[in-house]
A.B. asks: 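If you scroll down you'll find the structure; I have some questions about it.
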Protein chains: 2
Amino acid sequence: MSRQNQKTRDRILTAAWQLLESGGTVRMSDIAKKAGISRQALYLHFPTRADLLVATTRHLDLVKNVDERLAASRAAASGRERLALFVEAWGNYIPEIYGVARALMAMEDSDEEARNAWADRMRAVREGCAAAVMMIEADGLLAPHLSRDTATDLIWTLLSVPNWERLRLNCGWSQQAYIAEMKRLTEAAIIAPGG
Amino acid sequence: MSRQNQKTRDRILTAAWQLLESGGTVRMSDIAKKAGISRQALYLHFPTRADLLVATTRHLDLVKNVDERLAASRAAASGRERLALFVEAWGNYIPEIYGVARALMAMEDSDEEARNAWADRMRAVREGCAAAVMMIEADGLLAPHLSRDTATDLIWTLLSVPNWERLRLNCGWSQQAYIAEMKRLTEAAIIAPGG
DNA sequence: ACACAGCTTGACACGGCGTCAAGTTGACAG
DNA sequence: CTGTCAACTTGACGCCGTGTCAAGCTGTGT
């Protein structure tokens, strides 16, 4: 993979990202045009649409430093704090990947690869949730009727992209309101009453 | 619209419903085949795919008596009871329409008509949520930091189809567990602490 | 005997994705 | 200076699913 090759690849990924972010349907030809290359050159770099989308998320992850941001909650002294920090980190990351996420989710039904790629990212988020749950349990604050898994399921679901989409885009909430309410809700969902 | 016409129409709607319910991608030709007619006859009854899907939901609503079921919560004596009854009614309705809902949601991006049809149904659900919120507020139990609208947004989001999908299908929850936890969560989301 | 509604058969256009074959261009090696 | 090779271009094509069009068949009602 020569220098020129890498350069074009980056241009493609950036183009894809920008187009997806600005919404609407995005065709392969749109991306090629925006990247300033022919449609066929696109296929030389990414054999299928799914490949391109997957590569775009990986690229975004690199540029935006997800891992580091999601790991920030590790510094927390308590389970509650860890949960709050995680909600903040992930919740603020969603808008940055929303365009790509949407495209990937739309392909889930029809494309195995897209489905796996998205499931993978969601697994990473779930691990963040699980870590917070674990710490909360260690603090003796986990609601008694919930198992670790069930509690993880709950906050993982609360923090899903469709929920963000609904509250922010359909209901018109501000990002700040979303984060604040999600912190409260996730706590209410899994912390023992009176805890 | 003669008798024969109506009969075929019903066969089509039933076929569409069964296929959508059993999952996977469903093409117009699949529906025609299942209904025992030609693909073209299908287009004589429903000019577009969106039309067919919309008609299928309306048909389901009739057969399944949604309105009546959602209205059941009106009998409630208290806001909390009303909320619980509504969660139960809607939460148990979701699995019955899930197949069609999925198809309709998948078309949201590309088709205006599908988007409107789905938004319409969701509006009906939202009204149910709003009614419960109203009654809870009247009981003096609405969490003080929430407006009526914000509270409605919250439980409406909690009760969304994607959340049901995630908990039941991804996380493997039983329907019973889903309903029970949703009752608890919606309460925790909007009822004043210690209420 | 005729009309007409409801259907069938078979062909076609279109938009996206993905593929194929035959160039062009520019850098670098001998 | 020549040859090679990688990166890219141009233009055509196949596939698939939706939606359209035209012509013909069939049973019922008048």
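Convention: sequence-line order gives letters A, B, ...; per-chain numbering from 1.
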A.B. asks: Can you tell me the distance, in whole Å, between the CG atom of B/D109 and the C1' atom of C/dG16?
C.D. replies: 16 Å

A.B. asks: Can a donor-acceptor pair be found, under 3.5 Å and without considering hydrogens, that links the side chain of B/Q175 to the backbone of B/G91?
C.D. replies: yes

A.B. asks: Roughly, in whole Å, what's the span from CD in B/Q6 to P in C/dC7?
C.D. replies: 11 Å

A.B. asks: Heavy atoms under 4.0 Å is the rule here; annotate nucleotides 21-30 of chain D 5' to 3' with B where the base is hit, S where only the sugar-phosphate is, and - elsewhere.
C.D. replies: B---------

A.B. asks: Report the distance from atom CZ of B/R49 to atom P of D/dG19, rounded to the nearest whole Å.
C.D. replies: 8 Å

A.B. asks: Can you measure B/L42 atom CG to D/dT20 atom C1' for me and round it to whole angstrom units?
C.D. replies: 14 Å

A.B. asks: What nucleotide, of C/dG16, D/dC8, D/dG19, holds the atom closest to the side chain of A/L44?
C.D. replies: D/dC8

A.B. asks: Roughly how many Å is it from CD1 in A/I31 to P in C/dC17, rounded to a whole number?
C.D. replies: 8 Å

A.B. asks: Tell me whether the side-chain N/O atoms of A/T8 come closer than 4.0 Å to OP1 or OP2 in D/dA7.
C.D. replies: no

A.B. asks: Please tell me which of the listed nucleotides, C/dG18, C/dC7, D/dT18, lies nearest to the side chain of B/Y43?
C.D. replies: D/dT18

A.B. asks: Between C/dC17 atom P and A/E113 atom CD, what is the distance in whole Å?
C.D. replies: 15 Å

A.B. asks: ring-ring contact (aromatic ring centres under 6.0 Å, His included) with B/Y43: which residues, sequence neighbours excluded?
C.D. replies: none

A.B. asks: Looking only at the side chains, is there a donor atom on one of B/Y93 and B/N65 sitting less than 3.5 Å from an acceptor on the other?
C.D. replies: no

A.B. asks: With a 4.0 Å cutoff (strictly under), does any side-chain N or O of B/H45 reach OP1 or OP2 of C/dC7?
C.D. replies: yes

A.B. asks: Flag the pair A/H145 / A/T150 as yes when at least one side-chain heavy-atom distance between them is below 4.5 Å, and no otherwise.
C.D. replies: no

A.B. asks: May I have the distance from B/R27 (atom CZ) to D/dG17 (atom P), rounded to whole angstrom?
C.D. replies: 5 Å

A.B. asks: Please state whether the base of C/dG18 and the side chain of A/R39 form at least one donor-acceptor pair under 3.5 Å?
C.D. replies: yes

A.B. asks: Using whole Å, what does the distance between atom P of nucleotide D/dC8 and atom CZ of A/F46 come to?
C.D. replies: 11 Å

A.B. asks: Just call it for A/I37: base, sugar-phosphate, or nothing, with non-hydrogen atoms closer than 4.0 Å on any strand.
C.D. replies: sugar-phosphate

A.B. asks: Is the side chain of B/R184 donor-acceptor paired with the backbone N or O of A/A189 at a distance under 3.5 Å, no angle test?
C.D. replies: yes

A.B. asks: Between A/R102 and B/D109, is there a side-chain N and carboxylate O pair less than 4.0 Å apart?
C.D. replies: yes

A.B. asks: Is a side-chain N or O of B/R11 found less than 3.5 angstrom from the main chain of B/A35, in a donor-acceptor match?
C.D. replies: yes

